[in-house]
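Because only heavy atoms are used, hydrogens play no part in the values below, and waters and symmetry mates are left out as well, while side chains stay in.
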Amino acid sequence: MAFAHGVSSTDQATLDSGGLLSYIYVGAKHMLTGYDHLLFLVGVVFYLKGFKDILKFITVFTIGHCITLLGATYLSFKVDEHLIDAVIALSVLYKGFENLGGFKKLNINAPNLLAMVFGFGLIHGLGLSARLQSFDIGTDQFLAKILCFNVGVEIGQILALIPIVFLISLWKGKKSYLPFYKAANVYLVIAGIGLFIYQLVGYFNS
């Protein structure tokens, strides 16, 4: 079950032999390969206009997932990986739905976006904490290991966002952007639904 959530024996061996730097590496790797986290960030970036907005919302998201990643891991508070990933899948669905004007079509006022991004950041942090707690990290330099993993997550997030922001910003000035925007967000909704069902199936089968 742990391997199905991106925790491999290779990563465990890296952590066992690589010292604190290995936690940075594994943290970055998990963010770069964490498609559910990245899909949500894509949805956030799609909705925003300008670098200042992107910086503000990504900072709020980062603060949110740092709080729960550090706090939950330090306190050994762990949620079921399938269930937290199911909620993360719903965050992807939510963002795609909002970007497509879903709330307006239902004549519902959309929740405050900044607050929602922070709340989803807290949820994503619980997912990252569940990943870290799936490893055997021992008790030596426990807090330092958590902090290094968190640093790695932030590095991975920055590396992933650079091409995403660049591509979307470059595309915004083109005539094909609107069809691209609609299609990409429809795929976010579909991906969110698919990932949600997949995680629920995994939960009930485990």
Revision key, fill the gap. Shortest non-hydrogen pair, Glu154 vs Cys66, comes out as OE2-SG, 3.3 Å
Exercise for review: Give the minimum heavy-atom separation between Ala110 and Phe103, together with the two atoms involved.
Suggested key: CB-CD1, 3.7 Å
Revision key, fill the gap. With sequence neighbours left out, the residues meeting salt bridge (charged side-chain N to carboxylate O under 4.0 Å, His left out) with Lys145 are none
Check your understanding: How long is the gap from CG on Leu200 to CG on Asn205, to the nearest 0.5 Å?
Key -> 10.5 Å
Practice item. Compute the centroid of each ring, for Phe61 and then for Phe40, and state whether the two points are separated by less than 6.0 Å. Key: yes
Revision key, fill the gap. Residues joined to Leu21 in its hydrophobic cluster, side chain to side chain under 4.5 Å directly or through other members, sorted by chain and number, are Ile24, Leu32, Val151, Ile155, Leu159
Practice item. Kindly work out whether a path of hydrophobic side-chain contacts (I/L/V/M/F/W/Y, heavy atoms less than 4.5 Å apart) joins Ile158 to Ile168. Key: no
Point to revise | Those residues that, when tested against Gln133, pass side chain to side chain donor-acceptor pair (under 3.5 Å) (two or more places apart) | key: Ser129
Check your understanding: OG1 of Thr68 to CD1 of Ile84: how many Å apart, nearest 0.5 Å?
Key -> 8.0 Å
Practice item. Any pair with a residue in residues 164-176 that passes side chain to side chain donor-acceptor pair (under 3.5 Å), sequence neighbours left out, goes on the list, sorted by first then second residue, please. Key: Trp171-Ser176
Check your understanding: Closest approach of Gly43 and Lys95, non-hydrogen atoms and distance?
Key -> C-CG, 3.4 Å
Check your understanding: Do the side chains of Val42 and Tyr35 join up, straight or via other hydrophobic residues, at under 4.5 Å, putting them in one cluster?
Key -> yes
Review point. Are His65 and His124 close enough that a side-chain donor and a side-chain acceptor fall under 3.5 Å?
Key: no
Can you list, pair by pair, the side-chain donor-acceptor contacts under 3.5 Å of residues 178-192, counting residues two or more places apart and other chains?
unit_1	atom_1	unit_2	atom_2	d
Tyr181	OH	Asn99	O	2.7
Asn185	OD1	Asn99	ND2	2.7
Asn185	ND2	Tyr181	O	2.8

Exercise for review: May I have all residue pairs that pass side chain to side chain donor-acceptor pair (under 3.5 Å) and include part of residues 14-25, sequence neighbours excluded?
Suggested key: Gln12-Asp16
Review point. What distance separates Leu15 CG from Leu20 CG, expressed to the nearest 0.5 Å?
Key: 10.5 Å
Check your understanding: How close do Gln199 and Glu81 get, heavy atom to heavy atom, and via which atoms?
Key -> OE1-O, 4.5 Å
Study note, to complete from the structure: One should read off an interatomic distance between Asp80 CG and Lys78 NZ, to the nearest 0.5 angstrom, of 8.5 Å
Point to revise | Atom pair CZ (Phe149) and CE (Met31), whose distance is rounded to the nearest 0.5 Å | key: 8.5 Å
Check your understanding: Shared ILVMFWY cluster between Ile58 and Ile63, side chains joined below 4.5 angstrom?
Key -> yes
Revision key, fill the gap. Shortest non-hydrogen pair, Tyr177 vs Phe46, comes out as OH-CD2, 3.5 Å
Exercise for review: Starting at CG of Leu69, measure out to CG of Leu126 and round the result to the nearest 0.5 Å.
Suggested key: 9.0 Å
Exercise for review: Taking all heavy atoms of Ser206 and all of His82, pick out the closest pair and write down the distance.
Suggested key: OG-CD2, 4.1 Å
